[in-house]
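Taking it in order: structure first as C-alpha cells, then the write-up.
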Amino acid sequence: MVASTAEYPNVTERSGGFADLALHPELTRALVELGYEEPTPIQRAAVPPSLAGRDVVGQAATGTGKTAAFALPLLHHLAGAERGSAPRALVLVPTRELAAQVCEALQNYGRHLGTRVVPIYGGQPMGGQLRQLERGADVVVATPGRALDHLTRKSLRLDELRVVVLDEADEMLDMGFAEDIDTILGRTPDERQTLLFSATMPPKIAGLVRRYLREPERIELSRAESVTGEAALIRQTAYVVPRGHKPAALGRVLDMEAPTAAVVFCRTRDEVDRLTETMNARGYRAEALHGGMDQHQRDRVVGRLRAATADLVVATDVAARGLDIDQLTHVVNYDVPSAPDVYVHRIGRVGRAGREGSAITLAEPREHRMVGTIERVTGQRIAVENLPTVADLRARRWERTRAALREALLADSLDDEVDIDSLVAEFDAVRVARAAVKLAHEAGGGVADEEELPEARLDPRGGAGRERRNGSREGSRGGRTAKPPADDMTRLFVSLGRTAGVRPQDLVGAIAGESPLRGKDVGAIEIADRFSLVDVPRAAADDVITALRDSSIKGRKVTVRRERRRAR
Ligand code: AMP
C-alpha cells in the first residue's frame with residue numbers, strides 16, 4: 001500500500017521535503033513511518049544526482065545523514081530492477097560496527113520493498129554468511145577483508161553489480177584496505193554506478209576517485225553563513241554522551257541549567273514524542289512540536305511556552321521553523337545537527353536583542369567530526385565539558401534553595417501569622433529552621449537523580465592524529481620488544497611477520513575490520529620476521545583473538561594468542 005499524501009499533509013506536500021526527491025513511494029512511506037520530516041543537507045544534495053545514475057563523491061561525516069544519502073537512491077534503483085541470485089549492490093565499509101549499522105538502515109528504509117540485505121563481516125561464522133549469500137542477496141554490506149575472503153571462495157558474485165558504495169573511504173584507506181578495494185572493484189562491471197562518501201578528502205581519496213568514479217558530482221556540506229556578533233552572547237557547550245544515556249543526560253543538564261524556556265531539537269517525530277514523555281516524567285512541563293501536528297496545535301504549544309505554562313518544547317527542525325520566542329534562554333541539540341547551517345539557525349533563536357543564551361549539544365563519541373566542522377565553519381568555540389555529576393546537581397539545587405530563602409528573608413515579607421512560637425518552645429530554633437529549609441528544598445522539586453552517568457570523550461580520530469600514531473608505529477616496526485605493555489593492554493602474538501609482507505596497517509585493518517575495536521584502540525605494534533606483536537585493550541583481547549582466528553591477513557590464516565612472557 002502506498003501512503004496517501006493526505007495522511008501526512010505536513011510532510012509530503014511541503015516543498016523541500018522528501019516528496020521533492022521523487023523517491024519510490026514505498027521508500028517515502030518508510031521515511032514517514034520512521035518519523036523523518038525532511039532530508040538533511042547531504043541527502044538533498046546527493047540523492048538527485050544518484051537517482052539520475054551519476055557517480056557521486058560526498059564529503060560527509062557521521063551524523064550528517066550520509067547513510068540515507070546513498071541508501072535511498074540505491075534502494076530506489078533496485079526496486080525497479082529484476083531480482084536475481086547475485087547481488088546488485090555492494091556497500092564497502094571499514095568496520096563491522098558500521099556494517100551492522102548500514103545494514104540496519106537499509107533494512108529500515110527498504111522495509112516495504114522486501115530488499116534482501118546481507119551483512120558480511122568478520123567475527124561471525126562463515127557458514128551463516130554462506131547460506132545467506134546462497135539464498136540470494138540484493139545488497140551486500142561488507143568489510144573489505146571479508147568481502148575478499150568470499151570472493152576467493154567464490155561465494156560472492158560481483159558480475160551483476162549495478163551500484164557500488166564506498167562508505168567512510170578515508171577510514172578504509174587508513175586501515176590499510178587500499179589493495180583489497182582495488183581487487184574488489186577490479187572485479188565489478190565497468191558500467192556500475194559508484195558512490196563514495198568520506199569525512200575528509202586527502203589526496204589518496206582523490207586518487208581513488210580518479211581511478212574508479214566517472215565524472216562524479218562532488219558534494220561538500222555548504223558553509224554556514226558566518227555567525228554575527230550577537231553569537232558572542234550565546235554560551236556554546238557540548239557534552240559527549242553515549243546514545244543510551246542521552247535521556248538521563250538531558251535531564252541532568254536541564255536540571256543544572258534550570259532554563260526559563262528551552263527548545264530541545266530532535267531528528268525525528270518519534271524521538272520528539274518519547275523525549276516529551278521522559279521530560280514530563282522528570283517534572284518538566286514539556287510539549288511536543290512536530291510536523292505531524294496541524295497549525296492550530298502548533299500555535300497552542302508555542303503560546304504555552306510564551307505564557308510560561310510550559311518550560312520546554314521538544315521539536316523537529318521543520319516544526320520549529322518560524323518559532324520566535326523572546327523568552328527563550330536555551331537551545332538544546334539532542335543530536336549534533338546534520339550541517340553547520342542547521343546549527344547556526346537553531347542557536348540563533350537564543351541570545352536575541354542582547355540577551356544571554358545557551359546552546360547545548362549532546363554529541364555521541366563518534367560524532368566528533370561534526371562538532372569540529374561546526375566550530376570551524378562558525379569560527380566559534382564549542383566548549384566540550386563533562387556532564388555534571390550527581391554531586392554537582394545536588395550542590396546546584398541547594399544553591400537555588402538558599403537563594404530563594406535569602407530572597408524571602410531580604411524581602412522581609414515573612415508571614416507573622418505563621419505560629420512558630422510553639423515549635424520554638426519545644427525545639428531549638430536552629431533545628432526548627434533546619435527542618436523548614438529541608439522541607440522547602442524538597443518542595444523545590446526535581447526527581448531523585450542518583451545515577452552517575454559515564455564519562456565519555458569525543459572519538460579523537462582526526463587525520464593528523466592518525467598519521468602521528470601510524471608514524472610512531474613505523475618507528476617501532478621490526479624493533480626488539482621494547483617496553484612491556486601498559487597495564488590496561490594485553491600483548492598478542494600473531495603468527496605472521498615481515499617475511500609474509502605484513503605491515504602495521506594490515507594488522508590494524510584486520511583488527512578493526514574483524515573485531516569490535518576501532519583502529520585507534522590498537523596500541524604498539526612490532527613486526528618481526530616471522531611473527532608480530534600487537535597491544536590491544538585487555539578487556540577486548542579475547543574478542544580480538546576469536547575474531548582474528550576466523551580471518552586471514554594477507555590472504556593467509558593466522559594463529560593468534562596472548563604473548564607468553566619470557567623471563568627477563
Ligand atoms: P548518519 O550520518 O547516516 O550516521 O545518520 C545519523 C542519524 O540521523 C541516524 O540516526 C539516522 O537515522 C538519522 N537521520 C538520517 N536522515 C535523517 C532525516 N532526514 N531526518 C531525521 N533523521 C535522519
Side-chain angles (χ1 to χ4, degrees), residues 42 46 54-62 64 66-67 69-70 90-96 98-99 102 142-148 151 163-188 190 192-221 366 368-370 372-373 376 459-475 477 501-514 518-522 525 527 553-555:
I42 187 77
R54 292 197 51 188
D55 285 359
V56 169
V57 178
Q59 179 161 11
T62 295
T64 56
K66 69 177 164 63
T67 313
F70 64 75
L90 172 70
V91 183
L92 288 178
V93 297
T95 62
R96 68 182 203 179
L98 190 61
V102 168
T143 50
R146 221 359 120 89
L148 210 53
L151 272 184
V163 188
V164 173
V165 180
L166 303 173
D167 190 17
E168 300 203 350
D170 49 355
E171 282 285 310
M172 288 200 282
L173 294 189
D174 281 350
M175 288 168 55
F177 284 134
E179 278 175 35
D180 294 358
I181 292 174
D182 283 337
T183 312
I184 295 166
L185 291 185
R187 304 226 198 142
T188 61
D190 284 345
R192 65 165 195 273
Q193 179 183 29
T194 312
L195 312 173
L196 179 148
F197 287 81
S198 187
T200 59
M201 289 289 163
K204 53 192 173 182
I205 293 286
L208 202 59
V209 169
R210 249 193 331 274
R211 282 202 300 287
Y212 295 113
L213 278 75
R214 243 178 270 157
E215 295 172 24
E217 173 90 13
R218 290 171 195 271
I219 295 158
E220 254 184 88
L221 282 188
R366 64 196 185 94
H368 66 112
R369 284 190 196 276
M370 268 317 279
T373 304
R376 210 175 53 247
D459 190 345
R461 289 171 306 144
R466 248 189 327 251
E467 258 128 48
R468 272 200 304 279
R469 271 204 310 279
N470 283 348
S472 66
R473 275 196 195 111
E474 292 288 331
R477 192 207 293 202
V502 170
R503 299 158 305 164
Q505 55 265 46
D506 298 318
L507 295 167
V508 178
I511 291 171
E514 310 291 337
R518 309 203 64 150
K520 70 174 173 67
D521 300 319
V522 179
I525 292 181
I527 298 193
I553 296 175
K554 289 277 168 186

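Computation of the quantities below employed the complete heavy-atom set of this structure, encompassing side-chain atoms and omitting hydrogens, waters and symmetry-equivalent molecules.
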Legend entry - Passing candidate, side chain to side chain donor-acceptor pair (under 3.5 Å) with Y212, options D182, D55, T188: D182
Inset, instruction - Step by step, work out the side-chain hydrogen bond (donor to acceptor under 3.5 Å, both in side chains) result for E168 and T62. - result: CA-CA 9 Å; E168 300 203 350; T62 295; 3.2 Å; yes
Between [X] and [Y], which heavy-atom pair has the shortest distance, and what is it?
| X | Y | value |
| --- | --- | --- |
| M201 | G58 | CE-O, 3.7 Å |
| P216 | V209 | CG-CG1, 4.0 Å |
| G519 | V508 | CA-CG1, 3.7 Å |
| I525 | P504 | CD1-O, 3.9 Å |
| P94 | F177 | O-CE1, 3.6 Å |

Inset, instruction - Return the set of residues passing side-chain hydrogen bond (donor to acceptor under 3.5 Å, both in side chains) with R54 (not counting sequence neighbours), or none when no residue passes. - result: E217
Inset, instruction - Can you sort out the partners of R96 under side-chain hydrogen bond (donor to acceptor under 3.5 Å, both in side chains), two or more places apart, ordered by chain and number? - result: none
With side chains defined as the heavy atoms from C-beta onward, is the minimum distance between [X] and [Y] less than 4.5 Å?
| X | Y | value |
| --- | --- | --- |
| I219 | V56 | yes |
| V165 | V93 | no |
| V163 | F70 | no |

Once rounded to the nearest 0.5 Å, what's the spacing between atom [atom1] of [X] and atom [atom2] of [Y]?
| X | Y | atom1 | atom2 | value |
| --- | --- | --- | --- | --- |
| T67 | D167 | OG1 | CG | 6.0 Å |
| Q505 | L173 | CD | CG | 11.0 Å |
| M175 | T95 | CE | OG1 | 6.5 Å |
| T143 | M172 | OG1 | CE | 10.0 Å |
| K66 | L195 | NZ | CG | 12.5 Å |

Legend entry - D521/R518 salt bridge by N-O under 4.0 Å criterion: no
Is it true that a side-chain atom of [X] and a backbone atom of [Y] form a donor plus acceptor pair closer than 3.5 Å?
| X | Y | value |
| --- | --- | --- |
| Q59 | A199 | yes |
| T200 | P202 | no |
| D506 | R503 | yes |
| T183 | E179 | yes |

Inset, instruction - Going by the side chain to side chain contact (heavy atoms under 4.5 Å, CB included) test, name the single residue among L166, I42, V57 that passes it with F197. - result: I42
Inset, instruction - Show your reasoning for whether salt bridge (charged side-chain N to carboxylate O under 4.0 Å, His left out) applies to D170 and K204. - result: CA-CA 8 Å; D170 49 355; K204 53 192 173 182; over 6 Å; no
Legend entry - Partners meeting side-chain contact (heavy atoms from CB on, under 4.5 Å) with A147 (sequence neighbours left out): L92, A142, L156, I184
